[in-house]
Amino acid sequence: MCIRQLKFFTTACVCELQNTLSPQPSCVYLGMMWTWALWLFPLLCKFSLAALPAKPENISCIYYYRKNLTCTWSPGEETSYTQYTVRRTYSYGQKHDNCTTNSSTSENRAACSFFLPRITNPDNCTIEVEAQNADGVITSDMTYWHLEGIAKTEPPEIFSVKPVWSIKRMIQIEWIKPELAPVSSNLKYTLHFRTVNSTSWMEVNFTKNRRDADQTHNLTGLQAFTEYVIALRCAVDGSKFWSDWSQEKMGMTEEEAPCGLELWRVLKPAEADGRRPVQLLWKKPRGAPVLEKTLGYNIWYFPENNTNLTETINTTNQPLELHLGGESYWVSMISYNSLGKSPVATLRIPAIQEKSFRCIEVMQACLAEDRLVVKWQSCALDVNTWMVEWFPDMDSEPPTLSWEPVSQAKNWTIHQDKLKPFWCYNISVYPMLHDKVGEPYSIQAYAKEGVPSEGPETKVENIGVKTVTIMWKEIPKRQRKGIICNYTIFYQAEGGKGFSKTVNSSILQYSLEALQRKTSYTVQVMASTSAGGTNGTSINFKTLSFSVFEIILITTLIAGGLLLLIILTAAYGLKKPNKLAHLCWPSVPNPAESSIATWRGDDFKAKLNLKESDDSVNTENRILKPCSTPSDKLVIDKLVVNFGTFLQDISTDKAKTSQENNLGGEKNENRILSSCPASM
C-alpha cells in the first residue's frame, strides 16, 4: 500500500512540477522530487498501517446488591494490545471514577466492576467504555442506568415443604428471605413445581410486601398422595434481573380415598357350552396420584335383564377373566384403601348375537415431532367418546394390550418413548355411545421406522424366451422395521445394462418382458420403507432358446409334412399299384426261365430241377441238397467251366439272343436244386 501511495504521489509531483515551473528539462527537478518522496514515505506508511481498536458495543450492567456493579461489553476483533477504561458518573452525576482492564492480563477482558463503598442505592449513573491501543483511542456511546432497575439479589433458601393437616391436595412452602435484599423494595417471586416422575415444570408468580414477615406460600390444586419437587427464585420489584433458582426441595400431599377406575374388556370367542370368556381390565385414570395406595378391588356382575343373578368377586390382581353367558351383562367395580372407597365404575358387556354400530369412516396415523398422532373421521355426530386400544403385532409372543379413553376429540396422541422403535403396532378405535360400544376401526403404525433388516426371499418361475415371472415372499414382521411402501425389482443381463421396476407393497410377483433370448440374467428384489430399502437375495436365470409354442409349431409342421407325404404315397399307390409295387419291391429273375437253358440245351435244364414247396409254412426250412453222384458233379463242373464261353457267346452271337428272354417276367420263389436220386 505504501508503494502504491508513493507511485501516486510521485506521478502527481511530476505533473505539478511540469505545469508550474519554468520550461526546463524534467531531469533538473527529478532529484528534488525523489527527495520529497523519500521524506514523505515513512509518514504515509505509518498513516496507512494505523488500526484503531473496535468500538465497544452492547454495554450491559448488573448491580449485585451490596456487592458490586459489573459492566460487560462486546469488544470486537482485536489486532493488537488494547486497554479498556470504563468511565462512570454516579451520585446523580456529581462524582465520577474509572475502571481499567486490558486484553492481555485480564481473563475477562470485556468486563469491569465497581465495588463498595462507591456504590449507593438508589442512584443513577452513566457508563461509557474507552478502548485504546498504540494507534489511537475510540469511545463507546454513553449509557444510563438506574441501580434499582438492574439490581440482582441472592436466591431465597427454602426452609420446608409439607402438607397442611386436614387440607387435601395442598402443600405449604416456607423459605428464608435473602439477606442481601433491598429493605425498601418489595420482592416478587416465581415458584415452579413438578411431580417426581415428570419433566414438565409448572409456575406460580406472587409478590411479597417488604413489611411482610411471613415468608410462606400455599400451593393448592395438587394431586392427592403425590410427591412434588419445588424451587423458588426472587427479584427486586422493578428490576429486570431475577436471582438464581434455589436448591430443590421435595414434599408430598396427604393421602385420601382412591379415585375412580377406568374399565375395559377383551371379548373372546364363545366356548362349546355357549359361555364366553371375557377378560376384564382396569387402571387408574390419567392424572390419578402415582403413589395412591389400593388394598383391593370389589367386582360384581349380573345379566342385564336379571339383577337377581348377581355374582361378586374380591381380588387384588388384574386382569380378571369372567365366564359369562350369551346374553348381555353389567359389570361394576370399586377400589378401596384404609381411607375409603373409590366411585363405582360400570361397563356393559354386549350379547354374543348383538350387532354393533359402525361410524368411523377413515383413520390414519402420522408422526409429529416426537409423537405418534392417530386421527379419524366419524359419520355419527352424537358420538364423542372413544376407546383407543393398541398392542404390538408379534409373530410369536402374546401381545400386551394397552388402552386409553378419549373424549371430545377425534384424535389421539402418544409419545414415542412409550412405544418401542421399529415395532409394528395394531391400533384400534372403538366408538362409544352411552353404554354401547361400536365396531372398531384398526390400522397398523410404527412409532419410528427404520431400514428392513433383511430383504425379500426371491425365486423365478415361468422362464420363457423373452419373459420370466419374479416371485418373492413378505419379510417377517420383526424384520420389517417399518411399513413396506414398495418393492423394486433390479435385473441385469450378463455384461449388459441394469434395469429396475417398482411396484406397490400389495404385489408379490411381477413378470419381466422384452428380455433377450438365450441370455443369463441376475435379479434381486428390494423392500423399502420410509427410512430406506434393503436388497434381498440375488438369483440367476437363463432365458430359453425356443419357447414351448415354437417347439410345438415345429413339431406340428414336421408331423404334418410326414402325414401329407404318407397320404400322397397312398393315393399314388391306389392309382398305379404296379408301379408302386415295382418301386417298393423290385422283381427277382427266375433261374429256371433264364436263357441259359435255351442256349445250352435240354440236358442242362434236366440237371437243374427247381423243386417248389407245396407248403408255404416250410419255405423257411428249405436247404440246398448237394449231388453225390459223379455224373452230377461233372455236370456242375462243366457248367462252371463253360461259363466263360457262355459270356463270349453272348457278345458274338446276337442272333441267338432274339429268342424269348423273359428275364423281367413273373416273380418266382426260391427253389432248391435237387439232383440226388432216392437211393442216396
Can you see which heavy atom on [X] is nearest to which on [Y], and at what distance?
{"X": "Thr400", "Y": "Pro392", "value": "O-CD, 3.7 Å"}
{"X": "Ser530", "Y": "Cys485", "value": "N-SG, 4.4 Å"}
{"X": "Thr207", "Y": "Leu187", "value": "CG2-O, 3.4 Å"}
{"X": "Val196", "Y": "Tyr228", "value": "CG2-N, 4.3 Å"}
{"X": "Ser198", "Y": "Ser200", "value": "OG-N, 3.1 Å"}
{"X": "Ala380", "Y": "Cys359", "value": "CB-CB, 3.7 Å"}

May I have the step-by-step check of ring-ring contact (aromatic ring centres under 6.0 Å, His included) for Trp472 and Tyr487, ending in yes or no?
CA-CA 10 Å; Trp472 59 91; Tyr487 293 99; 5.4 Å; yes
Is Glu321 salt-bridged to Lys268, cutoff N-O under 4.0 Å?
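Salt bridge between Glu321 and Lys268, a charged N being under 4.0 Å from a carboxylate O: yes.
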Using a strict 4.0 Å threshold on nitrogen-to-oxygen distance, state whether Lys162 and Glu174 make a salt bridge.
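Result for this pair is no, no salt bridge flagged.
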Looking only at atom types and distance, does a side-chain atom of [X] sit under 3.5 Å from a main-chain N or O of [Y], one as donor and one as acceptor?
{"X": "Ser342", "Y": "Ser335", "result": "yes"}
{"X": "Ser243", "Y": "Cys234", "result": "yes"}
{"X": "Thr534", "Y": "Pro452", "result": "yes"}
{"X": "Ser545", "Y": "Lys518", "result": "no"}
{"X": "Trp423", "Y": "Ala447", "result": "no"}
{"X": "Tyr521", "Y": "Gln516", "result": "yes"}
{"X": "Arg358", "Y": "Glu439", "result": "no"}
{"X": "Thr253", "Y": "Gln223", "result": "yes"}
{"X": "Tyr297", "Y": "Ile313", "result": "no"}
{"X": "Ser505", "Y": "Ile484", "result": "yes"}

Decide side chain to side chain contact (heavy atoms under 4.5 Å, CB included) for Leu372 and Ile427; before the verdict, give the C-alpha distance in whole Å, the side-chain angles of both, and the deciding distance to 0.1 Å.
CA-CA 11 Å; Leu372 177 65; Ile427 303 175; 4.1 Å; yes
What distance do [X] atom [atom1] and [Y] atom [atom2] have between them, rounded to the nearest 0.5 Å?
{"X": "Arg371", "Y": "Leu419", "atom1": "CZ", "atom2": "CG", "result": "11.5 Å"}
{"X": "Ile349", "Y": "Arg265", "atom1": "CD1", "atom2": "CZ", "result": "6.0 Å"}
{"X": "Asn486", "Y": "Ser506", "atom1": "CG", "atom2": "OG", "result": "11.0 Å"}
{"X": "Trp201", "Y": "Ile230", "atom1": "CH2", "atom2": "CD1", "result": "7.5 Å"}
{"X": "Asp212", "Y": "Thr216", "atom1": "CG", "atom2": "OG1", "result": "8.0 Å"}
{"X": "Arg169", "Y": "Thr226", "atom1": "CZ", "atom2": "OG1", "result": "8.5 Å"}

Less than 4.5 Å apart, side chain to side chain, heavy atoms only: is that true for [X] and [Y]?
{"X": "Thr543", "Y": "Val468", "value": "no"}
{"X": "Leu508", "Y": "Pro456", "value": "no"}
{"X": "Ile150", "Y": "Ile62", "value": "no"}
{"X": "Leu515", "Y": "Tyr491", "value": "yes"}
{"X": "Arg480", "Y": "Glu474", "value": "yes"}
{"X": "Asn314", "Y": "Tyr336", "value": "yes"}
{"X": "Tyr446", "Y": "Leu367", "value": "no"}
{"X": "Glu327", "Y": "Asn305", "value": "no"}

Decide if atom [atom1] of [X] counts as having more than 12 heavy atoms of other residues, nucleotides or ligands within a radius under 6.0 Å.
{"X": "Gln172", "atom1": "CD", "result": "yes"}
{"X": "Phe546", "atom1": "CZ", "result": "no"}
{"X": "Lys448", "atom1": "NZ", "result": "no"}
{"X": "Phe357", "atom1": "CZ", "result": "yes"}
{"X": "Arg517", "atom1": "CZ", "result": "yes"}
{"X": "Glu203", "atom1": "CD", "result": "yes"}
{"X": "Met202", "atom1": "CE", "result": "yes"}
{"X": "Gln353", "atom1": "CD", "result": "no"}

For [X] and [Y], which I'm curious about, is there any donor-acceptor pair between the side chains at under 3.5 Å?
{"X": "Asn197", "Y": "Thr195", "answer": "yes"}
{"X": "Asp393", "Y": "Gln444", "answer": "yes"}
{"X": "Thr522", "Y": "Ser538", "answer": "no"}

Under the criterion side chain to side chain contact (heavy atoms under 4.5 Å, CB included), I'd like the reasoning laid out for Gln364 against Val362: C-alpha separation, chi angles, the key distance, then a yes or no.
CA-CA 7 Å; Gln364 63 179 0; Val362 65; 5.9 Å; no
Side chain to side chain contact (heavy atoms under 4.5 Å, CB included) for Tyr510 and Val525? Distances and angles first, verdict last.
CA-CA 10 Å; Tyr510 188 81; Val525 179; over 6 Å; no
Assess Lys283 against Trp403: is NZ or CZ under 6.0 Å from the centre of the six-membered ring, and within 45 degrees of the ring's axis?
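Flagged: Lys283 positioned over aromatic ring of Trp403.
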Which of parallel (below 30°), tilted (30 to 60°) and perpendicular (above 60°) describes Trp175 and Tyr189?
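Ring orientation of Trp175 relative to Tyr189: tilted.
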Take the angle between the ring planes of Trp390 and Trp412 and call it parallel below 30°, perpendicular above 60°, tilted in between.
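Rings of Trp390 and Trp412: tilted, 30 to 60°.
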For Ser500 and Thr488: C-alpha separation, side-chain torsions, deciding distance, then whether side chain to side chain donor-acceptor pair (under 3.5 Å) applies.
CA-CA 7 Å; Ser500 64; Thr488 303; over 6 Å; no
Show your working on side chain to side chain contact (heavy atoms under 4.5 Å, CB included) between Lys410 and Gln377 and close with a plain yes or no.
CA-CA 7 Å; Lys410 294 180 182 179; Gln377 295 180 3; over 6 Å; no
